[in-house]
Amino acid sequence: MKRIRSFLAAAVFLGLAGSVNPLAAQHEQHHGQRARQGDGMMPGMQMLEAFAPAKLLEQRAMLALTETQIRQLQQIEVEVTATGEHALATHETHREQLHSALMAAKPDPHVVRTHFDTAHAAMGHAHWQRIDAALRGMAVLTETQQQSVRDNSNRLRHRERRP
């Protein structure tokens with residue numbers, strides 16, 4: 001009976017480990033779901049997402065960004081891309097090692113747990129980098145520019161919710 005439970009647990013973990021997408025794919029998949037559902041994010045996160053440096057740079061003309069602001073936002077974007085890629089690489093490495101550990105004849109729970117925790121911590125780090133970048137992007141803007149981004153985000157959210 002214990003062996004059957006171990007096998008079933010491993011099968012469940014393999015299903016979960018095999019279905020983990022890279023962060024960018026998760027983001028695109030989740031973003032599409034959010035658009036259909038309205039507000040599938042934690043409170044405040046959709047608004048914060050509007051302050052992502054890449055999104056702010058796309059709106060440089062509307063926000064009348066200065067050259068200094070543009071350079072600061074570009075620097076934040078470069079930093080978050082580099083740290084995000086590293087976190088994703090770490091996640092992928094441990095996801096593969098988790099898969100290998102689960103495929104062993106007798107999976108070691110400690111090894112499985114280590115790779116599971118490390119993969120999830122790396123993904124959490126990648127998500128935190130995006131949050132931190134948005135907060136830093138917001139800090140680059142003037143209060144008037146911040147309000148403009150909020151107003152635009154609110155308009156878009158209300159448009160998405162209409163049937």
Side-chain angles (χ1 to χ4, degrees), residues 13-101 111-161:
F13 275 118
L14 280 174
L16 292 174
S19 68
V20 175
N21 295 327
L23 179 63
Q26 284 184 2
H27 174 70
E28 291 303 317
Q29 180 182 15
H30 185 67
H31 185 70
Q33 276 182 325
R34 247 193 350 257
R36 288 187 302 277
Q37 295 173 349
D39 54 19
M41 295 180 111
M42 292 172 26
M45 293 302 292
Q46 191 171 20
M47 180 63 71
L48 188 59
E49 192 175 75
F51 288 95
K55 291 194 180 214
L56 296 174
L57 289 167
E58 289 172 3
Q59 301 174 51
R60 70 182 73 189
M62 183 201 67
L63 294 171
L65 296 176
T66 66
E67 288 300 316
T68 301
Q69 288 175 313
I70 291 170
R71 278 193 305 277
Q72 290 173 330
L73 291 169
Q74 288 170 334
Q75 181 60 36
I76 295 167
E77 184 64 22
V78 166
E79 291 169 11
V80 76
T81 299
T83 57
E85 286 174 358
H86 175 73
L88 290 175
T90 300
H91 171 265
E92 185 61 24
T93 297
H94 286 279
R95 188 184 68 80
E96 290 169 4
Q97 290 174 345
L98 172 62
H99 178 76
S100 295
V111 172
V112 169
R113 178 66 186 254
T114 298
H115 293 301
F116 177 85
D117 287 344
T118 306
H120 280 77
M123 186 58 68
H125 182 70
H127 281 111
W128 170 250
Q129 291 302 314
R130 289 183 52 229
I131 292 168
D132 184 57
L135 292 170
R136 290 169 56 199
M138 183 188 299
V140 167
L141 304 180
T142 65
E143 288 183 28
T144 303
Q145 290 169 323
Q146 289 178 20
Q147 190 58 50
S148 178
V149 171
R150 285 186 190 97
D151 292 345
N152 190 38
S153 180
N154 285 333
R155 276 193 300 275
L156 291 174
R157 251 187 322 175
H158 291 298
R159 234 184 273 158
E160 287 176 357
R161 290 183 185 181

Would you say the side-chain atoms of [X] pair up with the backbone N or O of [Y], donor to acceptor, closer than 3.5 Å?
X	Y	answer
T81	E77	yes
S148	T144	no
Q129	G84	no
R130	H127	no
H125	A121	no

[X] to [Y] - nearest heavy-atom pair and separation:
X	Y	value
P53	A134	CD-N, 4.3 Å
L63	V149	CD2-CG2, 3.7 Å
G137	L73	CA-CD2, 3.7 Å
Q146	F51	O-CZ, 3.7 Å

For Q147, check side-chain hydrogen bond (donor to acceptor under 3.5 Å, both in side chains) against everything at least two apart and list the hits.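 Expected list: D151.
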Given L88 and M123, is the side-chain contact (heavy atoms from CB on, under 4.5 Å) satisfied, shown in steps? CA-CA 7 Å; L88 290 175; M123 186 58 68; 4.1 Å; yes
What's the verdict on side-chain contact (heavy atoms from CB on, under 4.5 Å) for L48 and L135, showing C-alpha distance, side-chain angles and the deciding distance? CA-CA 7 Å; L48 188 59; L135 292 170; 3.6 Å; yes
With rounding to the nearest 0.5 Å, note down the distance linking [atom1] in [X] to [atom2] in [Y].
X	Y	atom1	atom2	answer
H91	H120	NE2	NE2	6.5 Å
H99	Q97	NE2	CD	12.5 Å
R150	R155	CZ	CZ	13.5 Å
E67	R60	CD	CZ	8.0 Å
Q69	T142	CD	OG1	6.5 Å
I131	E49	CD1	CD	10.0 Å

Under-4.0 Å salt bridge between E58 and K55: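 Salt bridge absent between E58 and K55.
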Would you check if T90 and H86 make a side-chain contact, meaning some heavy-atom pair closer than 4.5 Å?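 When only atoms from C-beta onward are counted, H86 and T90 do touch, with a gap below 4.5 Å.
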Does R113 have more than 12 heavy atoms from other residues, nucleotides or ligands lying within 6.0 Å of its CZ?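 Atom CZ in R113 is not packed in, count stays at 12 or less.
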Residues in side chain to side chain contact (heavy atoms under 4.5 Å, CB included) contact with E79, at least two apart in sequence or another chain: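 Partners of E79 by the side chain to side chain contact (heavy atoms under 4.5 Å, CB included) criterion, ordered by chain and then number, come out as Q75, R136.
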Evaluate the criterion side-chain contact (heavy atoms from CB on, under 4.5 Å) for residue pair L56 and V140; output intermediate values, then yes/no. CA-CA 10 Å; L56 296 174; V140 167; over 6 Å; no
Does the side-chain contact (heavy atoms from CB on, under 4.5 Å) test come out yes or no for Q59 and L65, once each step is laid out? CA-CA 8 Å; Q59 301 174 51; L65 296 176; over 6 Å; no
